[in-house]
Amino acid sequence: MPKGTKAATIRVSREDLESAVAHRLLNAEQAESLWQELAISDARRPKFDLTNLIYYFGAMVIIVGMTFMVPKAWERFGGAGLFLIALVYGAAFSVAGKILWFDRDLKIPGGLLVTAAVCMAPLAIYGIERQTGIWPQGDPGAYADFYPWIRGSWIAMELGTVTAGLVALRYVRFPFITAPIAFALWFMSMDLTPLLTGQKSEFTWEQRALVSLVFGAAMLLASFAIDRKTEDDYSFWGYLFGNLAFWGGFVDQLNTQFDWSIFCLLSLSALLLSVLLQRRVFAVFGAVGVFSYLVHLTETIFADSVMFPFVLTAIGLLVVFLGVQYQRHIDAVENAVLSVAPAWIKKIMPARQTQ
């Protein structure tokens, strides 16, 4: 298939191969060999069936319970106690994950348990900092404040999570491990602001937005570089949280009509990127951006007008219509975009195009 053409995906059943034999396109031996090869490939391909849904649900309960849901009452354990809890749970998850991954060949539950072990890193580091009293920028408060509050002293916990994730990936090549890495980097994009400005709480939202925008752009570039070099999908979470950081930082700086125009152009560019990279996450953020611009423009033109609800409804209907048309002609549209893309763009595109 020529490079720059969108790869089509079709489903093949055993009846399809029997039909090919009946039409003398294949003989019975070739059809059986092909079916066996397809069955092996299908078994290796990740599936989101009920079993895997149960695996992921259980893992998310563990991760949420040991991160977001840790109560302030745990502070009574002290720094050493919190470190010991994180160490014991992290070690148990790591050992269980190693057994399932390497010995039992159960990749998904094994990888999820290793991911849960990585998520113990911030609690372990917090315990050490609490016990020693050494903080990058003063005492940030209880561990439960890590998730809702922007504070420079969280930075060591985020760096530790990224490091733990990278070490885990060295031994267990499970793409979901990149989720806590990307999440920690997203938090880092916010917690860097007070650290860089030297202010614990007096930094402006403009400063926070600028740091978030730059950091988000860096995450997107790094994810793209990884996407070009890997066959499995290790870039999805980087793209997701990179977009969150980038667009979150950009939206906070929208003041003038010129800012909104740039925002619209970038949103349209994100839609184009979604086609070139075959990454729907860019389409989501791009579509939300374009819609936000249209709403802003309509509100500006029809401010305090009785026509505003009607115009907004018309915009919504237009978006739905365009979505239907795109869905009906998705292959033709995407192949057309890829066919006119410059050669240098095709050259740097990831070899594995994924959704």
Side-chain angles (χ1 to χ4, degrees), residues 59-60 62-94 97 112-170 176-201 203 208 211-212 214-216 218-219 222 237-238 240-242 244-245 248-249:
M60 291 309 299
I62 293 171
I63 293 171
V64 171
M66 297 300 293
T67 54
F68 294 96
M69 303 304 293
V70 171
K72 289 188 177 182
W74 272 32
E75 296 296 317
R76 71 182 64 176
F77 294 135
L82 293 174
F83 172 75
L84 185 61
I85 291 173
L87 184 64
V88 170
Y89 272 94
F93 294 150
S94 297
L112 288 171
L113 285 176
V114 173
T115 305
V118 172
C119 293
M120 296 299 102
L123 181 61
I125 295 171
Y126 174 83
I128 294 174
E129 292 177 311
R130 174 61 62 195
Q131 184 66 27
T132 61
I134 300 175
W135 305 95
Q137 197 180 38
D139 190 337
Y143 178 79
D145 294 335
F146 173 52
Y147 297 95
W149 293 104
I150 298 174
R151 286 164 185 166
S153 283
W154 304 131
I155 201 75
M157 298 158 63
E158 293 150 359
L159 286 172
T161 303
V162 172
T163 302
L166 293 176
V167 171
L169 278 174
R170 180 177 177 85
F176 190 62
I177 295 176
T178 60
I181 295 175
F183 184 84
L185 289 172
W186 178 46
F187 266 35
M188 193 184 300
S189 71
M190 295 179 277
D191 293 329
L192 270 176
T193 306
L195 202 62
L196 292 175
T197 60
Q199 301 169 337
K200 293 183 180 181
S201 59
F203 58 90
R208 189 207 70 82
V211 173
S212 180
V214 173
F215 203 95
M219 284 183 65
W237 295 102
L240 174 61
F241 287 108
L244 281 171

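Values below: all heavy atoms of this structure, side chains included; hydrogens, waters and symmetry mates excluded. Positions are given from 1 along the sequence.
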Hey, does the side chain of Ser153 reach the backbone of Gln137 with a donor-acceptor pair shorter than 3.5 angstrom?
yes
Check side-chain contact (heavy atoms from CB on, under 4.5 Å) between Leu240 and all other residues, then give those that pass, not counting sequence neighbours.
Phe236, Trp237, Val281, Phe285
CE/Met190 to CG/Leu244 distance, rounded to the nearest 0.5 angstrom?
9.0 Å
Which residues pass the side-chain contact (heavy atoms from CB on, under 4.5 Å) test with Ala156, not counting sequence neighbours?
Ile125, Glu129, Pro136
Find the distance between CG (Asp191) and CZ (Arg208) and round it off to the nearest 0.5 Å.
10.5 Å
Can you measure from OG1 (Thr115) to CD1 (Ile181) and round to the nearest 0.5 angstrom?
9.0 Å
Phe146: what forms a ring pair (Phe, Tyr, Trp, His ring centres under 6.0 Å) with it, not counting sequence neighbours?
Trp154, Phe187
Specify the closest pair of heavy atoms between Ala182 and Phe241, including all atoms of both residues, with the distance to one decimal.
CB-CD1, 3.5 Å
Between Thr67 and Ile63 (side chain of the first, backbone of the second, donor and acceptor by atom type, cut-off under 3.5 Å), is there such a pair?
yes
Check the pair Asp139, Arg130 against side-chain contact (heavy atoms from CB on, under 4.5 Å), reporting the backbone distance first and the verdict last.
CA-CA 8 Å; Asp139 190 337; Arg130 174 61 62 195; 2.7 Å; yes
Correct closest heavy-atom pair for Val114 and Ala168 would be CG1-CB, 3.8 Å
Sequence neighbours excluded, which residues qualify as ring pair (Phe, Tyr, Trp, His ring centres under 6.0 Å) partners of Phe215?
none
Please name the pair of heavy atoms, one in Ser189 and one in Val211, separated by the smallest distance, quoted to 0.1 Å.
O-CG1, 3.4 Å
Determine the interplanar angle of the Tyr147 and Phe183 rings, folded into 0 to 90°, and report it as parallel if under 30°, tilted if 30 to 60°, perpendicular if over 60°.
tilted
Which pairs pass salt bridge (Lys or Arg N to Asp or Glu O under 4.0 Å) with one or both residues in residues 160-170, sequence neighbours excluded?
none
Pair up each side-chain donor or acceptor in residues 159-166 with any protein partner under 3.5 Å, not counting sequence neighbours, and list the distances.
unit_1 : atom_1 : unit_2 : atom_2 : d
Thr161 : OG1    : Met157 : O      : 2.8
Thr163 : OG1    : Leu159 : O      : 2.9

Of all residues at least two apart in sequence or in a different chain, which pass the ring pair (Phe, Tyr, Trp, His ring centres under 6.0 Å) check with Phe77?
Trp74
Can you name the residues that form a side-chain contact (heavy atoms from CB on, under 4.5 Å) with Trp149, not counting sequence neighbours?
Asp145, Arg151
Shortest non-hydrogen pair, Phe93 vs Ala117, comes out as CB-CB, 3.8 Å
Quick one: are Phe176 and Leu112 in side-chain contact, heavy atoms under 4.5 Å?
yes
Residues at least two apart in sequence or cross-chain that pass ring pair (Phe, Tyr, Trp, His ring centres under 6.0 Å) with Tyr126, listed by chain then number, are Trp135, Tyr143
According to side-chain contact (heavy atoms from CB on, under 4.5 Å), who are the partners of Ala144, at least two apart in sequence or on a separate chain?
Lys72
Can you tell me how far CD1 of Ile128 sits from CG of Leu82, rounded to the nearest 0.5 angstrom?
11.0 Å
Start with the C-alpha gap between Met66 and Ile85, add the side-chain angles, then the distance that decides, and say whether side-chain contact (heavy atoms from CB on, under 4.5 Å) holds.
CA-CA 10 Å; Met66 297 300 293; Ile85 291 173; 4.1 Å; yes
Show me the pairs that pass side-chain hydrogen bond (donor to acceptor under 3.5 Å, both in side chains) and involve residues 76-93, at least two apart or across chains.
none
Could you go step by step and tell me if Ile155 and Met188 meet the side-chain contact (heavy atoms from CB on, under 4.5 Å) rule?
CA-CA 6 Å; Ile155 201 75; Met188 193 184 300; 3.2 Å; yes
If we ignore hydrogens and angles and just use 3.5 Å, is the side chain of Ser212 paired with the main-chain N or O of Ala245 as donor and acceptor?
yes
With salt bridge (Lys or Arg N to Asp or Glu O under 4.0 Å) as the rule and sequence neighbours excluded, what pairs involving residues 80-90 come up?
none
